[in-house]
Amino acid sequence: MFKTDFIIQDLYASLDKNNFIIQYQPQFTENHQITGIEALARWKDSKGNFISPDVFIPLLEENQLIYPFGLQVANKSFECAYTMLNHLKINYNKMAINVSPLQLDDQNFVDDLEYLRKHIGLETQGLTIEITESSKITSDHFDMIKEFNNLGYGISIDDFGTGYSSFQYIMNVPLTNLKLDRSFIQDIHLNKSQQSIVYAIINMCTQLKIPVIAEGVESIEEIQFLSKIGCKHFQGYYFSKPLNDNDLFEIAA
Ligand code: C2E
Ligand code: CA
């Protein structure tokens, strides 16, 4: 049996057992106020090794497993959001789940997510669908994104600047926020061309009234530069690494 066959069997087993782990990375203002949370999936294989999402997400996609996986992630993240809001009385603002365009291919996605949300007892206003930029986005996908938006979910574009359809999103969908890819943020205070690009994007978003979240901020120099040019929301190791739920509750309390 090939190595990848083992991994796929392992992924099937984890889906069967519903044992993917979710970590949560908060987003902050410069003054360390939490303005949102992103749910990030983690996978420990049968040998006990953590495998990067950059490895297992594409495998789930190639093997038509991303849909049931996405619902398991949503279910756990929604339960975490419910606990924060209703048991711990913590207002996290918005909980974002990552959604790949392949998940939007399934006509049942809105109904399935709505079923989970209602069953858990959350309002749509506290939830965001975070969509990775992709060349594979179609007009049907945009229709589904609009349907989520009409129901009250926030819509976020992920990894802005790295894909093919950035401006299509801006023109087609009312956006709750736009996440600037880490490649533009890393050492921005030292690099003039990065500065020009990010400055232009922030100016455009200011005109359009779309908040920008800088992803992957790791240093105070990056934050100071970004603040100076109008960026108000940050996510990255400087503020917090992705956390398990108990650590999240502690930091957010
Ligand atoms: P992403 O959505 O761009 O998520 C941000 C990634 O950057 C995460 O990697 C996060 O741990 C990492 N990160 C955050 N702050 C910093 C920082 O300051 N420095 C550095 N170097 N990295 C930082 P992660 O968790 O490995 O996730 C990788 C990708 O896997 C995500 O990229 C997302 O596209 C995908 N992914 C994760 N969970 C899910 C999921 O539930 N569904 C789907 N469809 N995709 C997911
Ligand atoms: Ca994301």
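What's counted below: heavy atoms across the whole structure, side chains too, no hydrogens, waters or symmetry copies. Counting starts at 1 for both ligands and their atoms, following the listed order.
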With E114 as partner, the option from D112, L116, D111, V110 fulfilling side chain to side chain contact (heavy atoms under 4.5 Å, CB included) is V110
Which residue and atom name correspond to the protein heavy atom nearest atom 20 (C) of ligand 1, and how close is it?
E218 OE2, 3.3 Å
Checking heavy-atom distances from atom 30 (O) of ligand 1 to each of P53, G236, S52, the winner is P53
Quick one: nearest non-hydrogen protein atom to atom 42 (N) of ligand 1, plus distance?
N98 O, 3.4 Å
Strictly under 3.0 Å, is the Ca ion (ligand 2) approached by any N, O or S atom of E130?
yes
In Å and rounded to the nearest 0.5 Å, what is the CZ to CD distance from F234 to E30?
5.5 Å
Please step through ring-ring contact (aromatic ring centres under 6.0 Å, His included) for the pair F184 and F160, ending with a clear verdict.
CA-CA 9 Å; F184 296 104; F160 186 81; 8.0 Å; no
Take atom OH in Y199; do more than 12 heavy atoms of anything else shown fall under 6.0 Å from it?
no
Could you pull out the closest heavy-atom pair between A214 and I185, with the gap in Å?
CB-CD1, 3.8 Å
Tell me which part of I97 gets within contact of ligand 1: side chain, backbone, both or neither, using heavy atoms under 4.0 Å.
neither
Got a donor-acceptor contact below 3.5 angstrom from the N149 side chain to the I145 backbone?
no
Is the shortest distance from a heavy atom of G70 to ligand 1 less than 4.0 Å?
no
Below 30° counts as parallel, above 60° as perpendicular, anything between as tilted: where do the rings of F28 and F239 land?
parallel
Test item: protein heavy atom less than 4.0 Å from atom 6 (C) of ligand 1
no
Ligand 1 N/O within reach of Y238 N/O, cut-off under 3.5 Å:
no
Below 3.5 angstrom, do we get any N/O pair linking D158 and ligand 1?
yes
For V73, which part has a heavy atom under 4.0 Å from ligand 1: side chain, backbone, both, or neither?
side chain
To the nearest 0.1 Å, how far is atom 11 (O) of ligand 1 from its closest protein heavy atom, and which atom is that?
P242 CG, 3.5 Å
Hey, are R182 and E218 close enough for a salt bridge, meaning a charged N less than 4.0 Å from a carboxylate O?
yes
What protein heavy atom sits nearest atom 4 (O) of ligand 1, and how far away is it?
L40 CD2, 3.7 Å
Can you report which non-hydrogen protein atom sits closest to atom 3 (O) of ligand 1, along with the distance?
D159 OD1, 3.0 Å
Take atom CD in Q125; do more than 12 heavy atoms of anything else shown fall under 6.0 Å from it?
yes
Contact (N/O only, under 3.5 Å) between Y237 and ligand 1
yes
Contact atoms of ligand 1, heavy-atom distance to R42 under 4.0 Å
11 (O), 24 (P), 25 (O)
Do NZ/NE/NH1/NH2 and the carboxylate oxygens of K179 and E130 come within less than 4.0 Å?
yes
Can an N or O of T132 be found at a distance shorter than 3.5 Å from an N or O of ligand 1?
no
Do I51 and L40 belong to the same hydrophobic cluster, where Ile, Leu, Val, Met, Phe, Trp and Tyr are linked whenever their side-chain heavy atoms lie under 4.5 Å apart, directly or via other members?
no
Check whether the side chains of S156 and N177 place a donor and an acceptor atom closer than 3.5 Å, and report yes or no.
yes
For atom 38 (N) of ligand 1, state which one of S77, A96, A41, A39 supplies the nearest heavy atom.
A41
Checking distances from the Ca ion (ligand 2), one finds that the N, O or S atom of E38 closest to it is OE2
Could you pull out the atom name of the N/O/S atom in D158 that is nearest the Ca ion (ligand 2)?
OD2
In this structure, would M171 and I155 fall into the same cluster of hydrophobic residues linked by side-chain contacts under 4.5 Å?
no
Closest non-hydrogen atoms of I137 and Q168, given as atom of the first, atom of the second and distance, are CG2-OE1, 4.4 Å
Contact flag N98/the Ca ion (ligand 2), N/O/S atoms, threshold under 3.0 Å:
yes
Between D181 and S183, do the side chains contain a donor N or O and an acceptor N or O under 3.5 Å apart?
yes
Looking only at protein heavy atoms, what sits closest to atom 46 (C) of ligand 1 is I57 CD1, 3.6 Å
Is at least one protein non-hydrogen atom found at under 4.0 angstrom from atom 9 (O) of ligand 1?
no
Atom 32 (O) of ligand 1 touched by protein heavy atom at under 4.0 Å
no
Heavy-atom count around K44 NZ within 6.0 Å, excluding the residue itself: above 12?
no
Among all protein heavy atoms, pick out the one at the shortest distance from atom 44 (N) of ligand 1; state its residue, atom name and that distance to 0.1 Å.
Q103 OE1, 3.5 Å
Under a 4.0 Å heavy-atom limit, does Q25 contact ligand 1 with its side chain, its backbone, both, or neither?
side chain
Checking a contact table here: which protein heavy atom is nearest atom 28 (C) of ligand 1, and how many Å away?
D54 OD1, 3.4 Å
Do any heavy atoms of E38 fall under 4.0 Å from ligand 1?
yes
Does ligand 1 have any atom sitting under 4.0 Å from a heavy atom of E61?
no
Polar contact flag, side-chain donor to acceptor under 3.5 angstrom, Q25-S240:
no
E215 touching ligand 1 at heavy-atom level, < 4.0 angstrom
yes
Check for me whether R182 has a heavy atom closer than 4.0 Å to any atom of ligand 1.
yes
So for atom NE2, which belongs to H32, do other residues, nucleotides or ligands contribute more than 12 heavy atoms lying within a distance under 6.0 Å?
yes
Can you tell me if Q23 contacts ligand 1 (heavy atom of the residue under 4.0 Å from the ligand)?
no
